[in-house]
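Computed from a predicted structure; not experimentally measured.
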Amino acid sequence: MTGIKSVLYDADMNCIFGHPYSMCDFCRTVRKDRENYDKCIKCDRTGFERCRATGETVIYKCHMGLTEAATPILDNGVIIGYFLFGQLLSENSRDSIKEKIENGNFSDKDLLISYLDAIPVTDDKVIHASARLISMCASYVHLKNILNLEQENISVHIGKYIAESISDPKLSISSLCSYFSFSRGTLYNISKKSFGMGITEYIRKLRIKKAIELIENGKDPIYKISEKVGISDPNYLTKLIKEETGETPKRLQMKKRSYAKKDR
């Protein structure tokens, strides 16, 4: 309806569909240079990251000065994709972009400027109205299941990652958000729905469970077990185990050995 370049991405920021399929002559020419191509991709990802952080539509300028907007597609608080529109020349931007071209490292500056002159100016009101429109499109994509997300699969991946990283004392909300590209809110929603608790509590419970298994099935001292479950302070681990079981690690180990002798 708008004639504005619009692109649909999945949660991993892979392009699924674009209309019109080809980008404008200006952007296509800019992207012929590898350095500028990388800058364009970085701009898109920065827009997605801002979406992920805020959960809302963001309007921004690309590295060349054209206006773009990105909006997240959400399913129960989890981002399952993005809508991006752009390659718009906003009011009062043409002169600053020309200056950037003239001062930049471009192989054919005259050609770029001619392509820039061919881009019509888009009124700021139209840009903001279009941003609201893509928010509506994002809701449509979700309702029609154009993008699907199995949250159970995500929780399986999160659980597996935590289990494999349990010995890392740096395992935290921040490290998980960074690895899975989630916001804290998204991670909390997934954890609450899938594990019945916040992610910090879930990690702590897994560490305690793993520590108890190691105590009952081995002979390692508590400081070694602390290292294996990512808790740097053995005294703190002892306190957690006692709160969970009512027994000290040494007492648990003795009980396990006693039961083993009886079984023999």
Side-chain angles (χ1 to χ4, degrees), residues 8-14 16 45-58 70-84 134-215 225-233 236-247:
L8 177 64
Y9 292 82
D10 64 17
D12 295 322
M13 306 179 194
N14 298 311
I16 296 174
R45 290 188 172 271
T46 298
F48 296 147
E49 287 167 3
R50 288 178 60 189
C51 277
R52 190 168 58 231
T54 63
E56 298 176 352
T57 300
V58 294
T71 194
I73 304 170
L74 299 168
D75 180 17
N76 292 323
V78 177
I79 293 178
I80 61 173
Y82 303 88
F83 253 123
L84 179 73
I134 64 166
S135 294
M136 294 167 60
C137 290
S139 298
Y140 178 82
V141 166
H142 170 225
L143 290 172
K144 291 295 182 179
N145 293 319
I146 295 173
L147 282 174
N148 293 311
L149 173 69
E150 294 293 335
Q151 287 197 32
E152 291 78 9
N153 290 340
I154 289 179
S155 65
V156 168
H157 288 305
I158 292 173
K160 182 180 179 182
Y161 180 82
I162 291 173
E164 291 175 348
S165 307
I166 203 70
S167 62
D168 184 359
K170 294 182 180 180
L171 178 64
S172 63
I173 292 175
S174 296
S175 65
L176 286 167
C177 286
S178 176
Y179 183 84
F180 287 100
S181 297
F182 289 154
S183 69
R184 286 174 174 263
T186 296
L187 183 61
Y188 176 81
N189 289 336
I190 295 173
S191 180
K192 195 71 175 176
K193 183 174 181 179
S194 302
F195 307 133
M197 63 191 76
I199 199 70
T200 299
E201 184 181 356
Y202 180 68
I203 292 172
R204 183 171 61 248
K205 283 188 174 295
L206 285 186
R207 281 177 163 152
I208 294 170
K209 181 181 178 182
K210 180 67 175 178
I212 292 171
E213 290 175 358
L214 291 171
I215 289 166
I225 292 172
S226 292
E227 292 174 359
K228 291 181 178 180
V229 299
I231 295 177
S232 57
D233 185 354
Y236 178 60
L237 177 59
T238 298
K239 178 184 175 183
L240 291 176
I241 291 171
K242 192 168 184 179
E243 288 174 354
E244 182 73 17
T245 66
E247 303 283 0

Closest approach of [X] and [Y], non-hydrogen atoms and distance?
| X | Y | value |
| --- | --- | --- |
| C177 | L187 | SG-CD2, 3.9 Å |
| C51 | V58 | SG-CG2, 3.9 Å |
| T71 | S135 | OG1-OG, 3.5 Å |
| L171 | I166 | CD2-CA, 4.2 Å |
| G198 | S191 | C-OG, 3.3 Å |
| I73 | Y82 | CD1-N, 3.8 Å |

Legend entry - Exceeds 12 heavy-atom contacts within 6.0 angstrom, atom OH of Y202: yes

Inset, instruction - Check whether more than 12 heavy atoms from other residues, nucleotides or ligands sit under 6.0 Å from atom CE of M136, and answer yes or no. - result: no

Inset, instruction - Would you check if S174 and R184 make a side-chain contact, meaning some heavy-atom pair closer than 4.5 Å? - result: yes

Inset, instruction - Would you check if I208 and T245 make a side-chain contact, meaning some heavy-atom pair closer than 4.5 Å? - result: no

Using 0.5 Å steps for rounding, measure from the [atom1] atom of [X] to the [atom2] atom of [Y].
| X | Y | atom1 | atom2 | value |
| --- | --- | --- | --- | --- |
| I212 | L237 | CD1 | CG | 9.0 Å |
| I173 | I203 | CD1 | CD1 | 7.0 Å |
| N189 | K192 | CG | NZ | 10.5 Å |
| I241 | Y236 | CD1 | OH | 11.5 Å |
| E244 | R204 | CD | CZ | 10.0 Å |

Inset, instruction - Begin with the C-alpha distance, continue with both residues' side-chain angles, and end with the deciding distance and a verdict on side-chain contact (heavy atoms from CB on, under 4.5 Å) for L240 and R207. - result: CA-CA 10 Å; L240 291 176; R207 281 177 163 152; over 6 Å; no

Legend entry - Polar side-chain atom of S226 near backbone of S232 as donor-acceptor pair, under 3.5 Å: no

Inset, instruction - List the steps, then state whether side-chain contact (heavy atoms from CB on, under 4.5 Å) holds for I158 with F195. - result: CA-CA 10 Å; I158 292 173; F195 307 133; 4.2 Å; yes

Legend entry - Pairing residues for T238 by the side-chain hydrogen bond (donor to acceptor under 3.5 Å, both in side chains) criterion, not counting sequence neighbours: none

Inset, instruction - Output all residues satisfying side-chain contact (heavy atoms from CB on, under 4.5 Å) with E164, sequence neighbours left out; order by chain, then residue number. - result: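 Once residues adjacent in sequence are excluded, the partners of E164 under the side-chain contact (heavy atoms from CB on, under 4.5 Å) criterion are K160.
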
